[in-house]
Amino acid sequence: MKRAIVTVVGKDTVGIIAGVCTYLADNHINILDISQTIVQGYFNMMMIIDVTDLGKPFGTLADELAALGEEKIGVQIKCQKEEIFDLMHRI
């Protein structure tokens, strides 16, 4: 299984989760785990996703999610391969 980490950060608004989840479903990406919080009007979500059946290059996925966040939802979305995320966050 190939996994990736998606983070979503921005001012809370209606439709953030729906927009991200719809994009993932349309691209045959399963959400394995999800955590989200809202602190004083700011939205923060982290997802672990399965990209095993991704039908496009990973870089395209990351770029499309970033564009979705900026252009349609008004949040910042980042997508990283799990192994890169793990290496960046080791103590």
Side-chain angles (χ1 to χ4, degrees):
M1 178 185 314
K2 295 180 186 175
R3 297 176 358 162
I5 309 300
V6 175
T7 56
V8 182
V9 178
K11 198 140 178 90
D12 188 33
T13 187
V14 173
I16 296 172
I17 296 172
V20 175
C21 291
T22 298
Y23 173 87
L24 295 175
D26 289 347
N27 285 278
H28 310 287
I29 298 169
N30 189 35
I31 299 167
L32 302 172
D33 201 356
I34 183 170
S35 172
Q36 65 99 35
T37 59
I38 300 168
V39 178
Q40 294 186 1
Y42 289 93
F43 180 88
N44 185 18
M45 178 169 65
M46 183 173 162
M47 306 168 102
I48 301 173
I49 59 173
D50 179 359
V51 293
T52 303
D53 295 328
L54 181 62
K56 59 180 76 174
F58 185 82
T60 301
L61 168 70
D63 291 344
E64 288 177 356
L65 281 169
L68 171 71
E70 283 183 31
E71 298 166 10
K72 295 187 179 179
I73 304 175
V75 295
Q76 184 179 46
I77 304 176
K78 294 192 186 252
C79 184
Q80 296 177 296
K81 292 182 179 180
E82 181 182 40
E83 52 271 11
I84 302 296
F85 186 87
D86 287 345
L87 289 173
M88 289 177 55
H89 293 91
R90 277 194 182 163
I91 295 177

Minimum heavy-atom separation for [X] to [Y], with atom names?
X	Y	answer
Met45	Ile17	SD-CG1, 4.0 Å
Ile73	Thr13	O-CG2, 3.9 Å
Cys79	Ala62	O-CB, 4.0 Å
Val75	Lys11	CG1-O, 4.2 Å

Cluster question for you: counting only ILVMFWY and a side-chain heavy-atom cut-off of under 4.5 Å, with indirect links fine, are [X] and [Y] together?
X	Y	result
Leu32	Leu65	no
Ile48	Val51	no
Val8	Ile38	yes
Tyr23	Ile31	yes

Could you state the interatomic distance from [atom1] ([X]) to [atom2] ([Y]), rounded to the nearest 0.5 Å?
X	Y	atom1	atom2	value
Leu54	Ile49	CG	CD1	8.0 Å
Gln76	Phe43	CD	CZ	13.5 Å
Thr37	Met46	OG1	CE	11.5 Å
Met47	Thr7	CE	OG1	11.0 Å
Asp50	Asn30	CG	CG	6.0 Å
Lys72	Ile77	NZ	CD1	11.0 Å

(Q) With a sphere of 6.0 Å drawn around CZ of Phe58, does it hold more than 12 non-hydrogen atoms of other residues, nucleotides or ligands? (A) yes
Q.
Surrounding NZ of Lys78 (heavy atoms of other residues, nucleotides or ligands, distance under 6.0 Å), is the total greater than 12?
A. no
Q: Say whether, by atom type as modelled, one donor and one acceptor occur between the side chain of Thr52 and the main chain of Lys2 under 3.5 angstrom.
A: yes
